[in-house]
Amino acid sequence: MVSVDIQLSRYSKVYHEHETIRGNVIILTKSDLKHDGIVLQVEGVVNLQLSSKTVGIFEAFYQSVKPIQLLSYQMELAKGGRVIAGRTELPFEFPLRGRNNRALYETYHGVFINIQYSLKCEVKRSFLIGSTMAKQTEFIVEYGSPEGIPVTAPSRPLTAPSDLLAPAEMKRVDFEMVSEAGSKLGLFHAHGHLDSVTCPITKPFTGEIIIDKSEYPIKSIEIQLVRVETCGCAEGYAKDASEIQTIQIGEGNVAKGLPIPIFMIFPRLFSCPTVSTSNFKIEFETNIVVVLTNDYFKSENFPIRLTRF
């Protein structure tokens with residue numbers, strides 16, 4: 001019985017660019033284990049994928065959406081030999097730096113775009129003595145504090161470095177939702193505001209909505225968070241929107257004239273600071289949706305910009 005595990009020194013597994021990542025590869029075996037070398041691979045990659053509705057249109061440009069390597073290297077933890085029975089710890093450490101001075105983007109799990117960083121340990125064994133054993137774990141990359149981020153070089157692909165260097169500027173947005181009598185929605189009027197459409201990802205998205213009039217009873221009031229992912233190159237881009245989460249902020253026929261708070265927490269990993277590069281973009285929108293009992297609904301869409309600070 002043999003087990004291989006990777007333990008990072010930082011329990012949260014969250015790191016910032018230029019920090020040092022430390023940890024141990026732990027091997028537990030009941031008997032001596034012969035191997036041909038133990039290596040640790042570090043990889044950071046942006047995986048891009050075209051949606052099924054656009055793959056035919058952009059088939060000629062398929063190479064433009066191949067994975068983007070942010071960092072990739074390996075280190076030898078032990079030369080070929082034996083691991084003695086019991087518990088063996090192999091320490092490692094390495095600086096978190098991008099490949100060829102490339103910027104490291106935040107970890108993000110999307111539908112058509114995924115930004116992931118991982119460690120993979122392989123205990124190599126020849127075919128005659130047994131199969132190679134491997135263990136993989138993901139670590140999280142986030143932008144550091146504004147004071148700790150170096151000035152972005154012109155060669156870096158990030159087109160909006162101010163997102164990393166400056167605190168978010170609060171921009172309140174007022175909105176109004178109106179429908180005339182005789183329409184499918186009937187006479188309807190609501191108003192409200194969003195406290196800001198430039199949003200620090202670590203803080204809640206807030207505002208309020210007030211229903212002034214509604215000819216038909218209200219069934220639900222919801223706020224939706226939507227990701228807008230764009231992949232491609234100069235020859236063509238594929239843009240797809242998909243829902244991340246929907247939160248109900250009002251249920252049933254709410255009282256008229258009553259301020260209803262809008263409050264939403266941005267989900268970790270499924271959202272990240274807005275990114276725009278020559279090969280991909282990750283943007284976000286919110287929808288305020290009022291659903292009536294006749295199953296028609298009124299909605300307003302608001303593009304938002306997410307920042308780390």
For a salt bridge (Lys or Arg N to Asp or Glu O under 4.0 Å) check, start with the C-alpha distance between R308 and E142, then their side-chain angles and the critical distance, and finish with the verdict.
CA-CA 8 Å; R308 172 53 59 183; E142 292 182 355; 3.7 Å; yes
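- In this view, Y15 satisfies the side chain to side chain donor-acceptor pair (under 3.5 Å) rule with no residue, not counting sequence neighbours.
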Given the rule in the side chain to side chain contact (heavy atoms under 4.5 Å, CB included) test, do E285 and V228 qualify, once you have shown the distances and angles that lead to the verdict?
CA-CA 7 Å; E285 299 175 349; V228 182; 3.8 Å; yes
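- For S179 (side chain) and G186 (main-chain N/O), a donor-acceptor pair under 3.5 Å exists by modelled atom type.
- In summary, E19 and R10 engage in a salt bridge, as defined by a charged side-chain N under 4.0 Å from a carboxylate O.
- Y105 and F280 have perpendicular rings, their planes meeting at more than 60° on a 0 to 90° scale where under 30° would count as parallel.
- Among K124, R125, K120, the single residue meeting the salt bridge (charged side-chain N to carboxylate O under 4.0 Å, His left out) criterion with E122 is K120.
- A salt bridge is absent between D32 and K34; no separation between the charged side-chain nitrogens and carboxylate oxygens falls under 4.0 Å.
- For the pair T274 (side chain) and L306 (backbone), a donor-acceptor distance under 3.5 Å is present.
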Checking side chain to side chain contact (heavy atoms under 4.5 Å, CB included) for the pair E300/T286: CA distance, chi angles, key distance, verdict?
CA-CA 8 Å; E300 287 290 330; T286 57; over 6 Å; no
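- Salt bridge annotation for K213-E215: absent, with no cationic side-chain nitrogen under 4.0 angstrom from a carboxylate oxygen.
- Minimum interatomic distance between N114 and H109 (heavy atoms only, all atoms of both residues): OD1-CA, 3.2 Å.
- Here the closest non-hydrogen pair linking C272 and Y108 is SG-CD1, 3.7 Å.
- Counting only distance, with no hydrogens or angles, the side chain of H193 and the backbone of D195 share no donor-acceptor pair below 3.5 Å.
- Judged purely by distance below 3.5 Å, without hydrogens or angles, the side chains of S220 and Q248 pair a donor atom with an acceptor atom.
- Expressed to the nearest 0.5 Å, how far CD of Q136 lies from OG of S118 amounts to 4.5 Å.
- A heavy-atom distance below 4.5 Å is not found between the side chains of V197 and P303.
- Between atom CD of residue E251 and atom CD of residue E222 there is a gap of 10.0 Å, rounded to the nearest 0.5 Å.
- When all heavy atoms of I265 and F263 are compared, the pair lying nearest together is CD1-CE2, 3.8 Å.
- A distance-only check finds a donor-acceptor pair linking the side chain of S196 to the backbone of K171 [under 3.5 Å].
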For the pair L119 and L8, evaluate side chain to side chain contact (heavy atoms under 4.5 Å, CB included) and give the outcome as yes or no after the intermediate values.
CA-CA 10 Å; L119 297 171; L8 294 170; 3.5 Å; yes
Let me see the working for V141 and L96 under side chain to side chain contact (heavy atoms under 4.5 Å, CB included), right down to the final yes or no.
CA-CA 9 Å; V141 172; L96 185 58; 3.9 Å; yes
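- D212 places no side-chain N or O within 3.5 Å of a backbone atom of G257 that could act as its donor or acceptor partner.
- Shortest non-hydrogen contact noted between F266 and S271 is CB-OG, 3.7 Å.
- The residues E229 and K281 are annotated as not salt-bridged, no charged nitrogen and carboxylate oxygen being separated by less than 4.0 angstrom.
- With hydrogens and angles disregarded, a donor-acceptor distance shorter than 3.5 Å links the side chain of N253 to the backbone of I218.
- Q69 and E43 are linked by a side-chain donor-acceptor pair at a separation below 3.5 angstrom, with hydrogens and angles left out of the test.
- For the residue pair S299/N287, the side-chain donor-acceptor check at 3.5 Å is not satisfied.
- Looking at T107, its side chain never comes within 3.5 Å of a backbone N or O of Q116 through a donor-acceptor pair.
- The backbone N or O of R102 lies less than 3.5 Å from no partner atom in the side chain of N100, so there is not a single donor-acceptor pair.
- Nearest heavy atom pair, residue L90 against residue I38, reads CD1-CD1, 3.7 Å.
- Between H189 and H191, the ring planes are tilted. Angles from 30° to 60° get that label.
- Taking both residues in full, the closest heavy atoms of F205 and I304 are given as CE1-CG2, 4.1 Å, listed atom of the first, atom of the second, then distance.
- Contact check on K219 versus D295 returns a salt bridge, with a Lys/Arg side-chain nitrogen under 4.0 Å from an Asp/Glu carboxylate oxygen.
- In this structure, OH in Y73 is found 6.0 Å from CG in L71, a value given to the nearest 0.5 Å.
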